[in-house]
Amino acid sequence: MSNRKNQGTAPAIGDRLYRQREAVGMKVTELADLLGVSRNTITNYESGKTEPGASELMKIARSLGCSLMDLLPGEQELPATKFAFRAHQELRGNSRILASAQKFLRAYADIEAITGTRLLPRLREFPINPEQEDGEEEIERAAAYTRDKCSTTDWAPERIAQVLESLGIRCLFFDWEGAGLDALSVVQGEMKLVMLHRRKSAVERTIMSAAHELGHLVLHPELFTSRPDGRPDGREYEKQANFFAGCFLVPTKDLEEIWRSERLDRLPLERALLLLKEVFRVSFWALYQRVLQTGLAEMEYRQMVQRVKRMLGVTGRAKMEELEPNPLPEEALHLTTRFQRLICSAFLQGEIGVAKVAEMLQMTVEEAKELTAGWVTVESQLVA
Amino acid sequence: MKVNWWHSALYDTCSLITLDKILLDHPEAKAHFGCVRAIEESFTADQLRRETADRLRAEVEWVELPGTRELGRILSSGTLSRALADVDRLVFATAVYHRLAVVTGDKQLARALHLAHLTVGNCALVLKELVTQERITVAKCETILECLAKRKEFILPGNLPQNWDTLRKYRFP
């Protein structure tokens with residue numbers, strides 16, 4: 001550990017370190033724990049009393065999700081990242097996730113700069129007051145407008161990443177071992193990024209989460225504050241984003257038309273919902289909510305849970321994701337994203353190397369070597 | 001005996017992985033690589049798997065990173081591409097600071113090192129020179145390339161046959 005006195009660069013490094021740590025809402029003690037140093041060591045770095053060595057700087061950059069260059073003086077700093085995410089209370093302000101999101105944002109900006117591509121912002125915001133009582137019509141209009149603006153030729157919920165990309169929102173899938181985090185949306189300047197948890201099951205939940213995050217981006221731009229713990233804690237925001245997601249994935253007009261033209265009212269509701277799932281390819285429970293919201297049918301939630309349990313042969317307590325009738329297969333969800341395609345393309349053109357692929361995709365260099373070997377092999381097959 | 005350029009060279013992470021794969025199948029080849037230098041940052045958990053790092057630790061000699069001020073000065077010299085990973089920036093700064101030759105397959109890093117007037121090559125070039133200097137036979141070289149390809153380690157452009165004929169004509173960067 002370097003413990004040299006300030007030699008001119010320390011104050012600038014200290015300031016940068018402080019700003020980067022604040023941007024991801026990481027406490028001094030958390031950073032100290034990650035680095036295996038004392039709290040005082042970090043405060044001394046930040047005050048310029050001592051200077052981290054190059055090796056410590058690299059560890060700090062890795063822990064804060066920033067680049068080494070962000071910590072070195074003389075380099076241009078990017079604006080602080082603004083975060084908002086859909087998660088349980090205990091995950092709010094989780095600096096490890098925020099650092100990962102920060103890394104992905106940087107990687108996305110890097111790959112766009114390297115490949116000379118830019119996803120143009122196309123999303124129109126419809127800010128809405130969470131206290132507004134008659135807001136549903138406005139939300140429905142916002143969802144319809146947003147859906148109309150999607151330019152994918154084959155709009156499908158399974159292609160939700162491409163749907164978001166067609167709206168100028170960057171999208172990627174990430175691995176997360178903890179519970180409760182389905183998606184995260186991040187804003188930095190004009191860049192909007194939605195990160196979706198790569199789930200092994202219940203991909204309907206991923207689709208819904210993506211549309212929910214879209215709802216926050218459209219309806220609640222004020223949620224994206226630079227203070228991760230400064231976000232208003234309102235269930236209304238969540239309800240509005242959920243309503244938006246439902247309207248976006250299952251437009252009222254389409255739902256009503258199918259319901260009436262196919263006389264679905266003649267069927268038990270759970271059977272009608274299963275048929276609707278064949279059309280809309282979203283969660284059974286999202287369809288249940290939509291049918292209730294549009295007044296097409298009525299049934300108490302507990303009664304519906306009982307019916308679904310009976311239908312699936314489930315007894316006793318069950319998680320909601322276990323109560324998804326006719327679940328979409330895991331492979332139904334299209335996991336390829338523009339982010340991955342740009343990285344693959346840049347690698348095949350020799351614009352980036354394996355270490356950069358690893359850094360951008362947040363995997364080890366060894367894993368990136370194996371991944372890129374697959375790209376090269378595919379290319380050689382195409383050439384042959 | 002002639003001292004080859006790679007005999008005290010600094011290896012980047014990718015080249016360390018290639019070296020590890022060569023040595024897994026051909027441990028006797030170690031003698032041809034001389035002193036393999038590396039920075040500790042190539043051995044962190046986000047770079048190498050633990051078992052690979054453990055194997056390679058026995059093969060390398062550590063090189064210290066420059067101090068923070070030197071690092072800042074070298075990295076802000078303006079020749080580095082945004083396409084370089086942070087770990088490669090450290091390899092670059094360390095090589096410049098200690099004036100070391102570098103073994104890397106990364107074209108961006110190789111270009112930056114060339115501009116800094118440092119010798120640079122990759123594992124394929126090392127192998128090629130071992131054959132041309134008659135330290136290993138063409139047959140041995142073919143075997144090494146074949147074993148590497150089986151391990152999905154393509155040290156020659158992946159769309160070309162991984163054999164001596166390709167290596168003979170190969171140039172880097």
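So you know, we letter chains A, B, ... as the sequences are listed, proteins then strands, and number each from 1.
When heavy atoms are compared at a cutoff of 4.5 Å, A:Q362 does not approach chain B at all. Using a 4.5 Å cut-off between heavy atoms, A:A358 makes no contact with chain B at all. The part of B:R89 that comes within reach of chain A is its side chain, from C-beta onward, which places non-hydrogen atoms under 4.5 angstrom from that chain. For A:M360, no part lies under 4.5 angstrom from a heavy atom of chain B. Contacts of A:L57 with chain B are made by side-chain atoms alone, with heavy-atom separations under 4.5 Å and no backbone atom involved. For B:D88, the part lying under 4.5 angstrom from a heavy atom of chain A is the side chain only.
When the candidates A:L71, A:I114, A:T372, A:I111 are compared by the number of heavy-atom contacts under 4.5 Å with chain B, A:I114 comes out ahead. In terms of non-hydrogen atom pairs under 4.5 Å with chain B, the most contact-rich of A:M363, A:K59, A:R62, A:E370 is A:R62. The choice from A:E351, A:E367, A:K369 that makes the most heavy-atom pairs within less than 4.5 Å of chain B is A:K369.
Here the closest heavy-atom approach between residue A:A54 and residue B:P66 is recorded as CB-O, 3.4 Å. Shown here for B:T68 and A:P52, the closest heavy-atom pair between the two residues is OG1-O, 2.5 Å.
Atoms CG and CG, from B:L84 and A:L68 in turn, are 11.5 Å apart once rounded to the nearest 0.5 Å. Rounded to the nearest 0.5 angstrom, B:R82 CZ and A:I352 CD1 are separated by 12.5 Å.
Considering only heavy atoms from C-beta on, B:L75 comes within 4.5 Å of A:M69 through its side chain. When side chains are defined from C-beta on, B:I17 counts as touching A:V365, because their heavy atoms get closer than 4.5 Å.
Side-chain atoms of A:S55 and B:E40 form no donor-acceptor pair, as typed in the model, at a separation below 3.5 Å. Between the side chains of B:D46 and A:T364, no donor-acceptor pair of N or O atoms lies under 3.5 Å.
By the 4.0 Å N-to-carboxylate-O rule, B:K152 lies too far from A:E366 to be salt-bridged with it.
Checked against A:M58 for a side-chain contact (heavy atoms from CB on, under 4.5 Å), the options B:L65, B:L90, B:T44 give a single hit: B:L90.
Of the possible polar contacts, none joining the A:K356 side chain to the B:D106 backbone as a donor-acceptor pair under 3.5 Å is found.
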